[in-house]
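All ligand and atom numbering here is 1-based and tracks the order in the structure.
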Amino acid sequence: MRRKIVAGNWKMNLDFQEAQDLVEGIANLCEEKQPDCDIIICPPFPYLEMTSDMADDTQYFYVGAQNVNDNDSGAYTGEVSAKMLDSLGTQFCIVGHSERRKYYNEDNALLAVKIKKLLEYQIVPIYCVGEVLEEREANTHFDVIKKQIEEALFNLDVADMENVVIAYEPVWAIGTGKTATPQQAEEVHKFIRTLICEKFGEDIANQIRILYGGSCNAKNASDLFAQENIDGGLIGGASLKAEDFISIAVQASK
Ligand code: PGA
């Protein structure tokens, strides 16, 4: 049985006080509801330390970053390295979110390097894949996802692959209120697991966790999480409200 993950991607939202209130709200609700899944909070960089301190104090959740630079250190103004993340107690990092692919031109080759860097520091990459609407309409989404998986993950060895989480996020469902149906999502998750099985073997394929992301919320989470190959969610908008986020975590605990 794979333990489910509910990860909150706050994106570029909230000021420091709001972030602190939200982390506290999440911790309080965890205390009350005792969700039985891995909860990850991915705040903006400036709030990682505060979130990490709270994670240490309460032990209710893990902390993840939303991005990392592909270099070790040096003259890269404005960037943040895997070593820096590690030194703040960051255990996970989102890589290849569609917003990074779109606005910052991140391609699979660059993402492959970022994933390796994170693994060097024992930070678990949450690698995002997913098609845009035109690709789904043209029925090329399986090819697109296959390429994203092959080019960023297939150079890893089995030991590293064990420590990767994958998130399927159809771009047309992100922030649009248009969720993939549980069947549409399950079909892609199953496809991804098969690709992993063919390359890395059955053991890894059975243990790797594949999250769904894209307008996942407190109303639709349980139907999505009931699918055989959906191991939790990467939650954007609904992760900014403690009640909604923990309601999703409770639904992942069944
Ligand atoms: P959303 O975002 O839940 O707001 O659609 C998900 C994501 O981008 O990770």
- [ ] Tell me which protein heavy atom sits closest to atom 4 (O) of ligand 1, plus the residue, atom name and distance to 0.1 Å.
- [x] Gly237 N, 2.9 Å
TODO: Under the ring-ring contact (aromatic ring centres under 6.0 Å, His included) rule, collect the residues that match up with Tyr121, sequence neighbours excluded.
DONE: none
TODO: Each residue besides Tyr76 in its hydrophobic cluster should be listed here, by chain and number; the cluster joins Ile, Leu, Val, Met, Phe, Trp and Tyr at side-chain heavy-atom distances under 4.5 Å.
DONE: none
Open item on the list: List ligand 1 atoms under 4.0 Å from Leu234, heavy atoms only on the residue side.
Closed with: 6 (C), 9 (O)
Open item on the list: Do Asn229 and Glu186 pair up side chain to side chain, a donor and an acceptor below 3.5 Å, judged on atom types alone?
Closed with: yes
- [ ] May I ask you to check whether Asp21 and Gln17 show a side-chain donor-acceptor distance below 3.5 Å?
- [x] yes
Task: Minimum-distance protein heavy atom relative to atom 7 (C) of ligand 1 - done: Glu169 OE2, 3.2 Å
TODO: Do me a favour and list the nearest non-hydrogen protein atom to atom 6 (C) of ligand 1 with residue, atom name and distance?
DONE: Gly236 N, 3.5 Å
- [ ] Compare Ser215, Ala7, Pro170 and give the one whose heavy atom is closest to atom 1 (P) of ligand 1.
- [x] Ser215
Task: Short side-chain donor-acceptor distance under 3.5 Å, Lys114 and Asn67 - done: yes
Task: Inter-residue atom distance Glu162.CD - Phe200.CZ, 0.5 Å rounding - done: 11.0 Å
TODO: Mind checking whether Asn9 contacts ligand 1 via backbone (N, CA, C, O), side chain (CB onward), both or neither, at a 4.0 Å heavy-atom cut-off?
DONE: side chain
Open item on the list: Show the atoms of ligand 1 that are less than 4.0 angstrom away from any heavy atom in Lys11.
Closed with: 2 (O), 7 (C), 8 (O)
Open item on the list: Could you check whether any side-chain N or O of Asp143 sits under 3.5 Å from a backbone N or O of Lys146, counting only pairs where one atom can act as donor and the other as acceptor?
Closed with: no
TODO: Provide the number and element of each atom of ligand 1 under 4.0 Å from a heavy atom of Gly214.
DONE: 5 (O)
Open item on the list: For ligand 1, which is the ligand I care about here, please tell me if Gly175 has any N or O atom under 3.5 Å from one of the ligand's N or O atoms.
Closed with: yes
Open item on the list: Is it the case that the side chains of Gln66 and His97 hold a donor-acceptor pair, with the cut-off being a distance below 3.5 Å and no angle test?
Closed with: no
Task: Numbered atoms of ligand 1 (with element) below 4.0 Å of His97, judged on heavy atoms - done: 7 (C), 8 (O), 9 (O)
- [ ] Look at ligand 1 and say whether Ala173 reaches it with a heavy atom at a distance under 4.0 Å.
- [x] yes
